[in-house]
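For the single chain, residues carry numbers from 1 onward in sequence order. Computed from a prediction, not measured in an experiment: that's the story for all the values here.
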Amino acid sequence: MECTFYELNQKAKDEAEKMDALWGAEFFDAEDAEPPTDAPAEENNPHLSCGAFCRYFRSGKGYPGEYVYYCCAAGNEHIIDVDFIESEII
């Protein structure tokens, strides 16, 4: 994690751990699973610099056909990544 504005969102982390404990072992066997072929390489993933469960990491719709991931920390507001949803554009 590289961001100096990182701040842990404990509520989101606890909820994710609860869901993982509830559903993880029952529906997902890590030994049998293969990583998706379209998964981005870890070194090219723009979300890694944010850190897990950052309270300033947000996402939502941007312009038509865009889904935007951004940082909302005061003094560090910026777009991290944009996914384009072709079905909304065409």
Side-chain angles (χ1 to χ4, degrees):
M1 176 179 57
E2 301 171 13
C3 183
T4 58
F5 293 89
Y6 174 80
E7 204 171 300
L8 177 66
N9 182 344
Q10 189 64 46
K11 182 179 177 182
K13 182 180 179 191
D14 292 344
E15 189 172 314
E17 288 173 353
K18 180 180 165 184
M19 292 303 290
D20 190 38
L22 183 63
W23 299 103
E26 186 176 336
F27 292 104
F28 182 74
D29 186 3
E31 294 177 1
D32 295 335
E34 294 181 20
T37 56
D38 62 344
E42 289 298 316
E43 63 272 4
N44 295 329
N45 189 342
H47 306 275
L48 289 179
S49 62
C50 295
F53 307 108
C54 180
R55 68 178 282 214
Y56 299 117
F57 182 75
R58 299 278 194 276
S59 61
K61 287 189 164 254
Y63 288 110
E66 291 182 347
Y67 195 79
V68 182
Y69 301 91
Y70 60 97
C71 177
C72 68
N76 193 43
E77 301 90 349
H78 67 281
I79 294 173
I80 296 168
D81 192 26
V82 178
D83 285 337
F84 295 97
I85 307 165
E86 293 180 19
S87 62
E88 291 185 11
I89 300 170
I90 299 174

Search all heavy atoms of S59 against all heavy atoms of Y67 and return the closest pair with its distance. OG-OH, 3.2 Å
If you look only at pairs with a residue in residues 55-67, which of them pass as a salt bridge (Lys or Arg N to Asp or Glu O under 4.0 Å), with sequence neighbours excluded? E7-R55, K61-E88
Any chance you could lay out the side-chain contact (heavy atoms from CB on, under 4.5 Å) test for Y69 and D83, step after step, and finish with the verdict? CA-CA 8 Å; Y69 301 91; D83 285 337; 3.3 Å; yes
Hey, could you give me the CD/CZ distance between Q10 and F53, rounded to the nearest 0.5 Å? 9.5 Å
Looking only at heavy atoms, which two atoms of V68 and G62 are closest? And how far apart? CG2-CA, 3.8 Å
Could you tell me which non-hydrogen atom of N9 sits nearest to which non-hydrogen atom of C54, and how far apart they are? CB-C, 4.4 Å
Within one Ile-Leu-Val-Met-Phe-Trp-Tyr cluster: I79 and F57, side-chain cutoff 4.5 Å: no
Give a yes or no on this: more than 12 heavy atoms of other residues, nucleotides or ligands lie within 6.0 Å of atom CG of L8. yes
Would you say the side-chain atoms of Y6 pair up with the backbone N or O of A52, donor to acceptor, closer than 3.5 Å? yes
For C71 and I80, which heavy atoms make the closest approach, and how far apart are they? N-CD1, 3.9 Å
